[in-house]
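Model, not experiment: these values are computed from the prediction.
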2 protein chains.
Amino acid sequence: MFRLYSKGCEYAIRAFLYLAAVENGSNKTAQSICRKTKIPESFARKVFQSLVRGGYLEAVPGNGGGYRLCRKPDKVSILEIIKAVDGEKTFEPCILGSSKCNCRKPCLLHSTWEETKQSLLLNLESTCLSELVEFYEEIEIKR
Amino acid sequence: MFRLYSKGCEYAIRAFLYLAAVENGSNKTAQSICRKTKIPESFARKVFQSLVRGGYLEAVPGNGGGYRLCRKPDKVSILEIIKAVDGEKTFEPCILGSSKCNCRKPCLLHSTWEETKQSLLLNLESTCLSELVEFYEEIEIKR
DNA sequence: TCCATCATGGATTTTAATGTCCATGATGCA
DNA sequence: TGCATCATGGACATTAAAATCCATGATGGA
């Protein structure tokens, strides 16, 4: 089945959209983020940790702490979040599953997929958090 | 991690590309298709069966039988194969995992993803087997 | 100091996808 | 008829992703 990104990544994007929407420089606790965006807390915490390591999220320790965005929402693209969670190379493997596929020895789908992929990545790269948030007054992420 | 389609679908496409390349109206046994395209036979057989049911592959029973394409390679798109194996709705679910997401109640990524998806599907739909095969003399699907 | 928070890592469970194996039956060619 | 093939479906094993739980430690505000 088709999947643009992992579940952990889906949760990260939801959390980021939430933080971007409420953000005024302040932080939110992991618990409140997870409740508001309806994501499983114990799983999401691990995702948040890796995002902190990647420099995409800032951890505020201590009482009244939590997480906040490191950069302004207009400087964070969807593609960045995906790569931060699923890895830099998530879109790189050969689409036909060949480990030997490359530009010099392409598989049958290689050039076709390369073109499609470029436009896909371009779209994801040119969409930042602030763009998404400004269309809606209220966060609309519900199961 | 990103995945355009399932493993079963990957194998189906590899098998179709092989059949399109050797095709002159003749059929190939399941065994020879799997060996040539380096796909696991016991798993692929089940995929072939569902493709027969879907009308994408013709089963030739009896001794010297096997499978052959139902339609000419220039009439079969990559998108069709994907949908035949992974289901018609494989690209439909909300990208943010919301079951309530639709055009009237969109999630935050809805319209952005809708656009990106349309161009993705268009590319997959406009690419047929014959296009891919004619670029290569020899089938190049190796692990 | 107390407590709520984040940080870290290990263990475990659940679920879905993937892959293997086997038994039964039908078909069509030599 | 004998055999190689496909058709079907069930049982099962393996693997990866997703989810849960727990224990320990550090931080900073009240």
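- One interatomic measurement links the two molecules: CD1 of B/Ile33 to C1' of D/dC6, which rounds to 12 Å at whole-angstrom precision.
- The side-chain contact (heavy atoms from CB on, under 4.5 Å) with A/Leu120 is formed by just one residue from the set A/Leu124, A/Asn123, A/Thr116; it is A/Leu124.
- Atom pair A/Gln31:CD and C/dT5:C1' shows a separation of 10 Å (rounding to whole Å applied).
- Screening A/Cys101, A/Cys94, A/Ser98 for a side-chain contact (heavy atoms from CB on, under 4.5 Å) involving A/His110 leaves a single residue, A/Cys101.
- Nucleotide C/dA17 holds its P atom 17 Å from the OH atom of B/Tyr5, rounded to whole Å.
- For the pair A/Lys7 NZ and D/dA19 P, the interatomic distance rounds to 6 Å; values are reported in whole Å.
- Residues that satisfy the side-chain hydrogen bond (donor to acceptor under 3.5 Å, both in side chains) test with A/Asp86, not counting sequence neighbours, are A/Ser6.
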Subject >> Per-nucleotide protein contact string for nucleotides 20-30 of chain D (B base, S sugar-phosphate only, - none; heavy atom under 4.0 Å) >> reply: B------BB--
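- Comparing the start and finish of the helix from C/dT1-D/dA30 to C/dA30-D/dT1, five pairs each, the helix axis swings through 10°, to the nearest 10 degrees.
- No donor-acceptor pair closer than 3.5 Å links the side chain of B/Thr29 to the backbone N or O of B/Gly66.
- Between the CZ atom of B/Phe48 and the C1' atom of D/dG9 there is a distance of 19 Å, rounded to whole Å.
- In the set D/dT8, C/dA7, D/dA19, D/dT8 carries the atom at the smallest distance from any side-chain atom of B/Arg53.
- For A/Ser6, the listed nucleotide lying nearest its side chain is D/dA18; candidates were D/dC6, C/dT18, D/dA18.
- For an aromatic pair to be called close, the ring centres must be under 6.0 Å apart, and B/Tyr67 with B/Phe48 satisfies this.
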